[in-house]
2 protein chains.
Amino acid sequence: MHRHEGHDACETGLGGMLARAEAVCRERGLQFTPLRREVMEAVAEAGKAQGAYDIAEKLSAPGRRVAPVSVYRALDFLMENGLVHRIASRNAFIPCAHGHAPGEGVVFLICRKCGGVDEASSEELEDGLDRTLKRAGFTPAHSILEVEGDCGACRERQQAG
Amino acid sequence: MHRHEGHDACETGLGGMLARAEAVCRERGLQFTPLRREVMEAVAEAGKAQGAYDIAEKLSAPGRRVAPVSVYRALDFLMENGLVHRIASRNAFIPCAHGHAPGEGVVFLICRKCGGVDEASSEELEDGLDRTLKRAGFTPAHSILEVEGDCGACRERQQAG
DNA sequence: GCGGCGGTGATACACTGTAACAAACCCGCC
DNA sequence: GGCGGGTTTGTTACAGTGTATCACCGCCGC
Ligand SMILES: [Zn+2]
Ligand SMILES: [Zn+2]
Ligand SMILES: [Zn+2]
Ligand SMILES: [Zn+2]
């Protein structure tokens, strides 16, 4: 749905993301359980950020209720392992299609029209932030960069229509 | 509690912030009602980001209950006029000591130790973000930049102790 | 006075997230 | 096979955050 830039190892698409999740868990000796897989799928399938309760509802079916708390636990696990991200400004979650180095700053580009979320990173942004923090005498531990606006696809669509 | 940098017209301190709030409302023909003033004071007095429910509790007294919904309305008003900011990663609010141009990007520096929140802005950060967004074909409308870490004061205190 | 309008009070509710405990599962070990 | 301990999941209850709705009040213009 969205393109991105600034990354190399780019596993886009549902299959790729699931494969990466599986690989990450195997190499770290962690369990990629059915529930975790289903939550990963639910987040990866959706074209936009999913709330935990949305996921719980999607996974529930007549005869099987998946409680939100279970979804939260799975999401915590997936976030710890860099497989999904939380979008603070939406209280929602997206799959990570890239696999960043830990500590690497990433900007989330959130489209107001289609709701899609893309990730971008860049040296110059990172450098600018680092220098600004250094000047302020602040030692960063973790950062949240989220930009809301209109993605390229939606802007084209709007001009065409 | 915290220093900041990158701004000129810098009204720090409770009095300055209240004066600015009053001035802003007067010049825009808006009402700086007692409730709005009290909420502004509560946010400005605290050395760290305040939750809406914290503010409601602080303003309540035996015989007078201020409901959270009233606080939210006052906060919405103050945010629309650039007098307070919402810290998305904390669901909390801080006073704005600067008065930015609309659209000006600001980074919030959130200290893990003391809970204080400082604002910083810089040309190079702004430029880096703009270029990154442009390359991604994304048109920004509003951005959230929040960094969690250790402020200078707390780091010094830690080294001394 | 009367009607409109913005601000406030009050209640109820939806949404987001966590704590606590029990049950099921897995796996190595006796 | 049976046991023991760690991890995962189910279940319930609850805390925290934010919004919808309606009623009331005060003000100002007509
Ligand atoms: Zn990512
Ligand atoms: Zn879009
Ligand atoms: Zn500010
Ligand atoms: Zn500090």
Side-chain angles (χ1 to χ4, degrees), chain A residues 21-22 24-26 28-43 48-81 83-94 115 144 146, chain B residues 21-22 24-26 28-43 48-81 83-94 115 144 146:
Chain A
E22 220 160 322
V24 163
C25 291
R26 193 168 41 241
R28 297 182 192 176
L30 302 171
Q31 308 181 37
F32 194 53
T33 65
L35 178 63
R36 289 170 179 172
R37 173 181 214 93
E38 285 175 287
V39 170
M40 183 76 214
E41 281 176 9
V43 174
K48 53 182 193 168
Q50 295 290 293
Y53 280 65
D54 297 335
I55 300 169
E57 194 174 350
K58 193 188 292 189
L59 297 187
S60 293
R64 184 205 182 196
R65 169 179 136 86
V66 176
V69 63
S70 297
V71 175
Y72 277 111
R73 285 190 288 229
L75 287 171
D76 287 343
F77 172 87
L78 296 170
M79 277 194 292
E80 278 168 20
N81 291 283
L83 298 168
V84 311
H85 298 296
R86 182 179 139 80
I87 306 298
S89 59
R90 298 265 174 131
N91 297 325
F93 303 84
I94 60 164
I144 297 174
E146 300 178 8
Chain B
E22 221 161 321
V24 164
C25 290
R26 195 169 39 240
R28 297 182 193 176
L30 303 171
Q31 308 179 36
F32 194 52
T33 65
L35 178 64
R36 289 171 180 172
R37 173 181 214 95
E38 286 175 287
V39 171
M40 184 76 214
E41 281 175 9
V43 175
K48 51 185 197 167
Q50 297 289 292
Y53 280 66
D54 298 335
I55 299 169
E57 195 174 347
K58 191 188 294 190
L59 297 188
S60 292
R64 183 204 181 196
R65 170 179 135 84
V66 176
V69 61
S70 296
V71 175
Y72 277 111
R73 284 190 290 228
L75 287 170
D76 286 343
F77 171 87
L78 296 170
M79 278 193 292
E80 278 169 19
N81 291 283
L83 299 168
V84 311
H85 298 297
R86 182 177 138 81
I87 307 297
S89 60
R90 298 262 173 133
N91 297 325
F93 303 83
I94 60 166
I144 297 174
E146 300 178 9

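Note on naming: letters A, B, ... go to the chains in the order of the sequence lines (proteins, then strands), and numbering restarts at 1 for each one.
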> salt bridge (Lys or Arg N to Asp or Glu O under 4.0 Å) with Glu146(B): which residues, sequence neighbours excluded?
Replying inline: none
> Reading DNA chain C 5' to 3', which nucleotide is the first, and which the last, to come under 4.0 Å of any heavy atom in chain B?
Replying inline: dG6(C) to dT11(C)
> If you find the nucleotide of DNA chain C closest to Gln31(B) and the one closest to Val66(B), which residue's nucleotide is nearer the 5' end?
Replying inline: Gln31(B)
>> Between Ala67(B) and Leu35(B), which residue's closest nucleotide on DNA chain C lies nearer the 5′ terminus?
In response: Leu35(B)
>> Any side-chain N or O of Thr33(A) below 4.0 angstrom from OP1/OP2 of dT8(D)?
In response: no
Can you give me every donor-acceptor pair (side chain of residues 52-69 of chain A, partner residue at least two apart or in another chain, under 3.5 Å) with its distance?
from, atom 1, to, atom 2, distance (Å)
Asp54(A), OD2, Gly51(A), N, 3.1
Lys58(A), NZ, Ala42(A), O, 3.3
Ser60(A), OG, Ala56(A), O, 2.8
Ser60(A), OG, Val66(A), N, 2.9
Arg64(A), NH1, Glu38(A), OE2, 2.9
Arg64(A), NH2, Glu38(A), OE1, 3.0

Give me the atom names and distance for the closest heavy-atom approach of [X] to [Y].
{"X": "Val43(A)", "Y": "Phe93(A)", "answer": "CG1-O, 3.8 Å"}
{"X": "Phe77(B)", "Y": "Gln31(B)", "answer": "CZ-O, 3.7 Å"}
{"X": "Leu78(A)", "Y": "Arg36(A)", "answer": "CD1-O, 4.1 Å"}
{"X": "Arg28(B)", "Y": "Asn81(B)", "answer": "NH1-OD1, 3.0 Å"}

Length of the line joining [X]:[atom1] and [N]:[atom2], which is rounded to integer Å:
{"X": "Phe77(A)", "N": "dT8(D)", "atom1": "CZ", "atom2": "C1'", "result": "11 Å"}
{"X": "Leu30(A)", "N": "dT9(D)", "atom1": "CG", "atom2": "C1'", "result": "17 Å"}
{"X": "Gln50(B)", "N": "dG16(D)", "atom1": "CD", "atom2": "C1'", "result": "15 Å"}
{"X": "Asp54(B)", "N": "dT17(D)", "atom1": "CG", "atom2": "C1'", "result": "11 Å"}

> Run the side chain to side chain contact (heavy atoms under 4.5 Å, CB included) check on Asn91(A) and Arg86(A) step by step: do they pass?
Replying inline: CA-CA 7 Å; Asn91(A) 297 325; Arg86(A) 182 179 139 80; 3.3 Å; yes
> Using a cut-off of 4.0 Å between protein heavy atoms and nucleotide atoms, how would you tag nucleotides 18-30 of chain D 5' to 3' with B, S and -?
Replying inline: BBBB---------
>> Could you work out how much the helix from dG1(C)-dC30(D) to dC30(C)-dG1(D) bends, comparing the axis of its first five pairs with that of its last five, to 10°?
In response: 10°
> Does Arg90(B) have any side chain to side chain donor-acceptor pair (under 3.5 Å) partners at least two apart in sequence or in another chain, and if so, which?
Replying inline: Glu148(B)
>> Working note: Ile94(B) + Val84(B), criterion side chain to side chain contact (heavy atoms under 4.5 Å, CB included); need CA distance, chi angles, decisive distance, verdict.
In response: CA-CA 6 Å; Ile94(B) 60 166; Val84(B) 311; over 6 Å; no
> Are Pro34(B) and Arg37(B) side-chain neighbours, meaning at least one heavy-atom pair lies under 4.5 Å?
Replying inline: no
> What pairs with Arg26(A) under side-chain contact (heavy atoms from CB on, under 4.5 Å), at least two apart in sequence or on another chain?
Replying inline: Glu22(A), Ala23(A)
